[in-house]
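Below is one structure, written out as structure tokens; comments come after it.
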Amino acid sequence: MRKLVLGLLVTLAIALVGCVTINVYFPEAAAQKAADQFIGNVIDSASPAKPVPKDPSQATESGGQHPSAMLLDLLIPTAAAADVPNIRIQTAATEAISGRMRDRFQGALGALLDSGAVGFTRDGMVVMRDAAKVPLSQRAQANATVADENRDRSALYREVANANNHPEWESQIQATFAKGWIDRAKAGWYVQNDAGAWQQK
């Protein structure tokens, strides 16, 4: 009898797992929030946000895991559960990129944005918008600053996608950051609208 009950339970568990579908989608709202925090830290040179404490109501005596989560762990294979989307934006690489970006915004890039020579593009990059605003003797350095910033931005979008084990998200991460850069641009800075035309904030 015991073997029969055990067999029925195993069959039921297999049937339930077969019915569970894990949809891996790009978590746009979570990504935008994370991007906004990163961008705010870079542009405003604010200190990194403190981690949000866990909700104590979700903790239990059994290692802090909610009973429903324990049941799902039994019914859903670990590999499938790992595909539940979650945005991770803080890695050693992104921290290094953030530091270099902050230095640029406090220095050469910030001055170029303030002058209107450089602007934020609609695809999450920066570009020399009006080279005439930069003295001829400083243009090579200004172009190098723009190139360094864009190299770091490309690396950032790729790193965030890879850190979340979804390299295919890179273009969506870039689009999310593009919106964030434009939204957080300071008054007087130039940004591109959706049609690619320049507008001053």
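Start at 1 with the first residue, then count along the sequence.
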* Work out which heavy atom in T94 is nearest to a heavy atom in T91; give both atom names and the distance. => OG1-N, 2.8 Å
* Asked: So, are R100 and D103 salt-bridged, with charged N and O less than 4.0 Å apart?
  -> no
* Neighbour count >12 (heavy atoms, 6.0 Å) for atom CG, D194 -> no
* Hey, any chance F120 and M128 share a hydrophobic cluster, counting ILVMFWY side chains that come within less than 4.5 Å of each other, even indirectly? -> yes
* Structure fact -> Between G124 and A178, the two heavy atoms sitting closest are N-CB, 3.2 Å
* Joint cluster assignment, F105 & L112, ILVMFWY side-chain distance < 4.5 Å -> yes
* Is the backbone N or O of M101 less than 3.5 Å from a side-chain atom of E149, with the two atoms forming a donor-acceptor pair by type? -> no
* Asked: Out of curiosity, does W189 fall in the hydrophobic cluster containing V126 (side-chain heavy atoms, cut-off under 4.5 Å, transitive links)?
  -> yes
* **Heavy-atom donor-acceptor pair, Y157 side chain to F177 backbone, under 3.5 Å** => no
* Which distance, rounded to the nearest 0.5 Å, do you find between the CG of D148 and the CG of L109? -> 10.0 Å
* Which value, rounded to the nearest 0.5 Å, describes the distance between I173 atom CD1 and E28 atom CD? -> 10.5 Å
* Asked: Side-chain heavy atoms under 4.5 angstrom apart, residues restricted to Ile, Leu, Val, Met, Phe, Trp, Tyr: same cluster for V42 and V127?
  -> no
* To do: Would you give the length of the straight line joining atom CD of E159 to atom CD1 of I97, rounded to the nearest 0.5 angstrom?
  => 6.5 Å
* When rounded to the nearest 0.5 angstrom, what distance separates CG in D152 from CE in M125? -> 10.5 Å
* Is a side-chain N or O of T145 found less than 3.5 angstrom from the main chain of Q141, in a donor-acceptor match? -> yes
* To do: Could you walk me through whether W181 and T121 pass side-chain contact (heavy atoms from CB on, under 4.5 Å), step by step?
  => CA-CA 9 Å; W181 290 117; T121 65; over 6 Å; no
* To do: Give, for atom CD of Q192 and atom CZ of R129, the distance between the pair rounded to the nearest 0.5 Å.
  => 10.0 Å
* **From L113 atom CG to Y190 atom OH, the distance as rounded to the nearest 0.5 Å** => 12.0 Å
* To do: Quick one: closest heavy-atom pair of N165 and P167, and the distance?
  => C-CD, 3.6 Å
* Asked: Has Q106 got more than 12 heavy atoms of other residues, nucleotides or ligands less than 6.0 Å from its CD?
  -> yes
* Any chance you could lay out the side-chain contact (heavy atoms from CB on, under 4.5 Å) test for L156 and F38, step after step, and finish with the verdict? => CA-CA 11 Å; L156 172 67; F38 181 96; 3.6 Å; yes
* Asked: For D130 and G116, which heavy atoms make the closest approach, and how far apart are they?
  -> CB-O, 4.1 Å
* Asked: Is there a donor-acceptor pair closer than 3.5 Å between any side-chain N or O of Q199 and the backbone N or O of V191?
  -> no
* Asked: So, R139 side chain and V134 main chain: donor-acceptor pair closer than 3.5 Å or not?
  -> yes
* To do: Determine, using the 4.5 Å side-chain heavy-atom cutoff (strictly less than), whether I89 and F26 are members of one ILVMFWY cluster.
  => yes
* May I ask you to decide if D44's main-chain N or O and K186's side chain share a donor-acceptor pair within less than 3.5 Å? => no
* To do: Ignoring hydrogens and angles, tell me if any N or O in the side chain of N164 forms a donor-acceptor pair with the backbone of H166 under 3.5 Å.
  => no
